[in-house]
A.B. asks: 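Have a look at the structure that comes next, please.
In this chain, residues are counted from 1 in sequence order.
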Amino acid sequence: QLVTPTKIITTNTVKASNPVGIEFFGSNGGTVNITSSNANSNVLLNGSINNKEGSTSINVQNNILQQNDGALITTKTLQLTAGNDIGSSAEAVRTIASEKLSASAANGNVNVAQILGNLSLGNVTADHGTVTLSADGNITNAPGASTVRGKRVELTSTNGTLGGDENSPLIVETGFADLTNATNADKVKYGLKASAMGNINIENRKWTGGGNAEGNLLIDAVTSTAGD
């Protein structure tokens, strides 16, 4: 039997201008979670944490401390939790939190500086200390649960406002004590200090745990350089 080999060649063409579908798998935003359960542990911020489209949390039993001006946390949502201090009066924790900042210093102070843009706040608390927040832009409450609470609250907006319009004040809860015969050292532990380029709209609510069941407000200084 004679077998004759056969080869068939088929040519197909596709226009190079046709659209090409590309699909990526996975999440658009990452998660950074730093936790230390040692009672004497600190988290020392010495460089950048870059998680622009994700959520970042730092949870430590002792302190979260800024080591230099180059350390920066860039993220969408940021949760800082410390048994003692978050930042210090000399070196605030530097952030660019595009959506929301929440922070809790159980037995210390909160010092956070938003170096670019607006600062939208979740719950930020220092029940035994001072909350110090600064931002390049506006400082406002985030949608949902949002309270800024401390024996003393200090707020600075370099180029924006504190609070929103007349129907959207920035909600704070400050401590209260009879300071009639108090020393200057005791006086600076309580009340509100606020400064903004634009308008300032703040509402102080009662805080039973801070000795302020009546919602009284001790004012250090409130200054708007170009607003109301």
Side-chain angles (χ1 to χ4, degrees), residues 24-150 153-162 170 172 196:
F24 294 95
F25 294 91
S27 175
N28 291 327
T31 299
V32 175
N33 186 358
I34 301 170
T35 301
S36 180
S37 58
N38 188 300
N40 297 315
S41 62
N42 298 314
V43 169
L44 305 180
L45 301 173
N46 198 40
S48 295
I49 298 175
N50 193 353
N51 185 26
K52 187 175 181 180
E53 297 299 327
S55 61
T56 302
S57 66
I58 302 176
N59 190 325
V60 65
Q61 297 296 311
N62 203 15
N63 304 304
I64 301 172
L65 299 175
Q66 182 90 4
Q67 295 296 284
N68 56 66
D69 288 343
L72 176 64
I73 302 173
T74 303
T75 189
K76 193 172 184 178
T77 62
L78 178 59
Q79 172 73 57
L80 302 173
T81 305
N84 289 307
D85 291 326
I86 298 173
S88 68
S89 57
E91 288 279 3
V93 173
R94 290 160 54 87
T95 67
I96 302 177
S98 61
E99 187 170 286
K100 184 170 70 172
L101 166 72
S102 300
S104 173
N107 296 296
N109 305 309
V110 174
N111 284 273
V112 176
Q114 175 91 342
I115 68 168
L116 182 65
N118 300 327
L119 181 58
S120 185
L121 302 174
N123 290 321
V124 179
T125 61
D127 288 349
H128 300 282
T130 298
V131 173
T132 303
L133 302 172
S134 65
D136 170 61
N138 304 330
I139 300 179
T140 58
N141 294 110
S146 175
T147 299
V148 181
R149 185 176 70 235
V153 174
E154 298 187 4
L155 304 168
T156 302
S157 171
T158 305
N159 296 299
T161 66
L162 298 178
L170 178 62
V172 302

A.B. asks: Please determine which of Leu72, Thr158, Asp136 meets the side-chain contact (heavy atoms from CB on, under 4.5 Å) test together with Ile115.
C.D. replies: Leu72
A.B. asks: Do Asn33 and Thr35 have side-chain N/O donor and acceptor atoms under 3.5 Å apart?
C.D. replies: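 Their side chains do contain a donor-acceptor pair, which is all the 3.5 Å distance test asks for.
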A.B. asks: Looking at Ser41 and Gln61, what are the two nearest heavy atoms and their distance?
C.D. replies: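 Minimum heavy-atom contact is OG-N, 4.2 Å.
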A.B. asks: Show the nearest heavy-atom pair for residues Val110 and Ala103, with the distance to one decimal.
C.D. replies: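 Nearest heavy atoms, Val110 then Ala103: CG1-CB, 4.2 Å.
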A.B. asks: Nearest heavy-atom pair of Asn63 and Asn42: which atoms, and what distance?
C.D. replies: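 Between these two residues, the closest heavy atoms are N-OD1, 3.0 Å.
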A.B. asks: Can any side-chain N or O of Asn138 pair as donor or acceptor with the backbone N or O of Gly160 at less than 3.5 Å?
C.D. replies: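 Checked: no pair found.
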A.B. asks: Give me the atom names and distance for the closest heavy-atom approach of Glu91 to Asp69.
C.D. replies: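 Taking Glu91 first and Asp69 second, the nearest heavy atoms are OE1-OD1, 3.5 Å.
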A.B. asks: Passes side chain to side chain contact (heavy atoms under 4.5 Å, CB included), Thr75 versus Val32? Steps please.
C.D. replies: CA-CA 9 Å; Thr75 189; Val32 175; over 6 Å; no
A.B. asks: Start with the C-alpha gap between Thr132 and Asn109, add the side-chain angles, then the distance that decides, and say whether side chain to side chain contact (heavy atoms under 4.5 Å, CB included) holds.
C.D. replies: CA-CA 8 Å; Thr132 303; Asn109 305 309; over 6 Å; no
A.B. asks: Using the rule given for side chain to side chain contact (heavy atoms under 4.5 Å, CB included), can you reason through Glu99 versus Leu78, listing the C-alpha separation, both sets of side-chain angles and the distance that settles it, and then say yes or no?
C.D. replies: CA-CA 8 Å; Glu99 187 170 286; Leu78 178 59; over 6 Å; no
A.B. asks: Say whether, by atom type as modelled, one donor and one acceptor occur between the side chain of Glu154 and the main chain of Thr130 under 3.5 angstrom.
C.D. replies: no
A.B. asks: Output yes when a side-chain donor or acceptor of Ser157 lies under 3.5 Å from a complementary backbone atom of Gly137, and no otherwise.
C.D. replies: yes
A.B. asks: Could you tell me if the side chain of Val131 sits less than 4.5 Å from the side chain of Val172, heavy atoms only?
C.D. replies: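 Val172 vs Val131: side chains apart.
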A.B. asks: Going by distance alone, is a donor N or O of one side chain under 3.5 Å from an acceptor N or O of the other, for Gln79 and Thr77?
C.D. replies: no
A.B. asks: Pick out which of Val43, Asn107, Asn84, Asp85 makes a side-chain contact (heavy atoms from CB on, under 4.5 Å) with Asn62.
C.D. replies: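 Of the listed options, the one satisfying the test is Asn84.
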A.B. asks: If you measure from OG1 on Thr140 to CG on Leu119, what distance do you get to the nearest 0.5 Å?
C.D. replies: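 Result: 7.5 Å between the selected atoms.
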A.B. asks: Taking side chain as C-beta onward, heavy atoms only, is Ile139 less than 4.5 Å from Leu121?
C.D. replies: yes
